[in-house]
Amino acid sequence: MKLMRLYYMTEAIWAEKILREQRFKLSRLNDLNDPFEFIGACIGEKQARKVAKVLRDHWHKNIGILCAGTSYDSPVMWAHYGHKHQGVCLGFDVVVGDDQDLPSQVTYEPDRVQGLFDNLGPKNPMTKDQLVKLLTTKFKDWEYEREWRLFANLKERNPEDGLYYLNFEPHIQLREVILGARCEKTVKYFADLVPPPKRPVEVFKLRGAFDSFAMVRQKQISPIFVRPKKTMPYRA
């Protein structure tokens with residue numbers, strides 16, 4: 001089994017909810033902050049625009065997206081997605097294999113993809129590769145995000161809030177809880193929110209580096225390791 005470490009930044013209040021419920025909220029196409037989502041391809045022709053709208057509406061209803069990155073050291077990412085460094089970053093391992101939820105890396109292009117919508121129709125449906133290309137192509141100015149995406153079918157809407165979620169198990173394992181440099185809650189507060197894990201979870205806080213534009217560990221605040229519970233040996 002191969003594992004990949006990804007990082008998800010959010011406000012502290014939502015990190016608390018994620019830890020308590022052991023699940024991530026899935027975004028949908030129209031929820032994302034880039035108006036060019038799913039239309040990273042040229043749609044200059046009127047027919048292409050019609051096809052793009054129909055497909056976008058369809059996948060907005062059927063695909064959920066979890067956006068994550070490969071590191072936690074970017075001050076820009078913390079400013080944009082970590083509540084101006086007041087939030088929390090959750091590091092998790094995701095199983096990499098042949099599953100349809102395999103993480104996909106976002107590619108950043110200076111120009112929109114040519115010809116992708118050409119000839120699409122009832123007798124010539126979009127292929128899986130074309131769909132992934134649309135869902136993972138963004139303008140090059142977004143490349144600071146170094147984004148990877150997990151996709152999930154939207155099956156059961158939560159009756160309480162009308163949203164869709166992706167449970168940690170069986171494909172996601174929490175491994176790190178990282179407090180932003182301005183986060184007001186303590187390491188211990190968040191360590192207490194972590195349910196007994198299958199593998200150790202490290203909780204620690206960041207600060208700005210002294211010699212580079214990067215966020216690094218705050219060594220004056222000791223990390224806390226949340227470890228699996230020891231099971232008592234079976235006795236007949």
Side-chain angles (χ1 to χ4, degrees), residues 4 6-11 14 18 23-71 74 76-77 79-82 90 92 94 96-158 161-167 171-172:
M4 179 179 184
L6 292 174
Y7 295 93
Y8 177 87
M9 294 181 182
T10 187
E11 292 186 39
W14 301 125
I18 291 169
R23 62 184 184 178
F24 288 107
K25 181 181 76 69
L26 288 168
S27 296
R28 299 162 73 185
L29 280 176
N30 292 343
D31 300 331
L32 300 176
N33 59 4
D34 182 2
F36 290 97
E37 294 289 354
F38 200 78
I39 48 174
C42 289
I43 51 172
E45 298 295 327
K46 186 175 182 179
Q47 181 61 25
R49 292 196 291 276
K50 288 183 178 179
V51 172
K53 184 180 186 308
V54 170
L55 289 174
R56 182 188 175 96
D57 290 344
H58 172 75
W59 294 121
H60 170 73
K61 296 175 182 177
N62 290 280
I63 288 184
I65 304 170
L66 179 65
C67 303
T70 55
S71 66
S74 168
V76 180
M77 288 292 289
H80 290 178
Y81 298 103
L90 302 176
F92 60 94
V94 60
V96 177
D98 296 327
D99 191 272
Q100 64 177 355
D101 295 330
L102 174 72
S104 298
Q105 186 174 15
V106 172
T107 58
Y108 303 95
E109 305 289 349
D111 302 300
R112 292 168 75 167
V113 179
Q114 298 284 339
L116 201 150
F117 282 104
D118 294 352
N119 303 317
L120 289 180
K123 296 183 179 180
N124 188 28
M126 179 174 289
T127 66
K128 182 178 179 180
D129 288 344
Q130 288 175 319
L131 174 60
V132 172
K133 181 69 174 176
L134 277 175
L135 291 171
T136 58
T137 298
K138 300 188 70 172
F139 182 42
K140 68 177 183 65
D141 283 13
W142 291 97
E143 61 189 354
Y144 72 92
E145 294 183 341
R146 294 171 284 181
E147 184 179 348
W148 285 70
R149 290 180 167 180
L150 281 77
F151 302 104
N153 294 324
L154 298 179
K155 297 179 180 178
E156 296 184 9
R157 185 192 296 264
N158 185 284
D161 56 19
L163 302 175
Y164 294 90
Y165 292 88
L166 179 64
N167 294 328
H171 300 299
I172 293 173

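Hydrogens, waters and symmetry mates are skipped; everything else that's a heavy atom, side chains included, is used. Residue indices begin at 1 and follow the sequence shown. What you see is a predicted model, and the numbers here were worked out from it, not measured in a lab.
Two residues are said to be in side-chain contact when any heavy atoms from C-beta on lie closer than 4.5 Å; Phe24 and Thr10 fail this criterion. Residues Leu66 and Leu26 have side chains in contact (heavy-atom distance under 4.5 Å, counting atoms from C-beta outward). Considering only heavy atoms from C-beta on, Leu150 comes within 4.5 Å of Leu6 through its side chain. Phe38 places none of its side-chain heavy atoms less than 4.5 Å from the side chain of Ile63. At least one side-chain heavy atom of Trp59 sits less than 4.5 Å from a side-chain heavy atom of Leu131. Between Leu116 and Gln130 the shortest side-chain heavy-atom distance falls below 4.5 Å. For the pair Phe117/Met126, a side-chain contact is recorded, criterion being any heavy-atom separation below 4.5 Å from C-beta on. Annotation: side chain of Trp142 is in contact with side chain of Asn33 (closest heavy-atom distance under 4.5 Å).
Here the straight-line distance linking atom OG of Ser104 with atom CD of Glu147 works out to 11.0 Å at 0.5 Å rounding. In this structure, NZ on Lys138 lies 11.0 Å from OG1 on Thr136, to the nearest 0.5 angstrom. Here the CG-CD1 distance, from Asp118 to Ile43, works out to 12.0 Å after rounding to the nearest 0.5 Å. Of the inter-residue distances, the one linking Tyr164 atom OH with Asn153 atom CG reads 11.0 Å to the nearest 0.5 angstrom. For the atom pair OG of Ser27 and CG of Leu166, the computed distance is 11.5 Å after rounding to the nearest 0.5 Å.
Relative to the ring axis of Tyr165, Arg23 places its NZ or CZ within 45° and under 6.0 Å from the centre.
Nearest approach of Met9 to Ser71, heavy atoms of both residues: CE-O, 4.3 Å. Residues Val94 and Pro103 share a closest heavy-atom pair of CG1-CG, 3.6 Å. Taking both residues in full, the closest heavy atoms of Cys67 and Tyr8 are given as O-CD1, 3.3 Å, listed atom of the first, atom of the second, then distance. When all heavy atoms of His60 and Asn30 are compared, the closest pair comes out as ND1-N, 3.2 Å.
Among residues at least two apart or in separate chains, side chain to side chain donor-acceptor pair (under 3.5 Å) pairs with a member in residues 35-52 are Glu37-Arg149. Among residues at least two apart or in separate chains, there is no salt bridge (charged side-chain N to carboxylate O under 4.0 Å, His left out) pair with a member in residues 24-36. Within the structure, the salt bridge (charged side-chain N to carboxylate O under 4.0 Å, His left out) test picks out no pair touching residues 102-117 (sequence neighbours left out).
The salt bridge (charged side-chain N to carboxylate O under 4.0 Å, His left out) search around Asp57 returns Lys53, not counting sequence neighbours. In terms of the salt bridge (charged side-chain N to carboxylate O under 4.0 Å, His left out) criterion, residue partners of Arg146 (sequence neighbours excluded) are, by chain and number, Asp73. In terms of the ring-ring contact (aromatic ring centres under 6.0 Å, His included) criterion, Phe139 has no residue partners (sequence neighbours excluded).
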May I have the step-by-step check of side-chain contact (heavy atoms from CB on, under 4.5 Å) for Met77 and Tyr7, ending in yes or no?
CA-CA 11 Å; Met77 288 292 289; Tyr7 295 93; over 6 Å; no
Verify side-chain contact (heavy atoms from CB on, under 4.5 Å) between Glu145 and Val106, making sure each step is shown before the conclusion.
CA-CA 9 Å; Glu145 294 183 341; Val106 172; over 6 Å; no
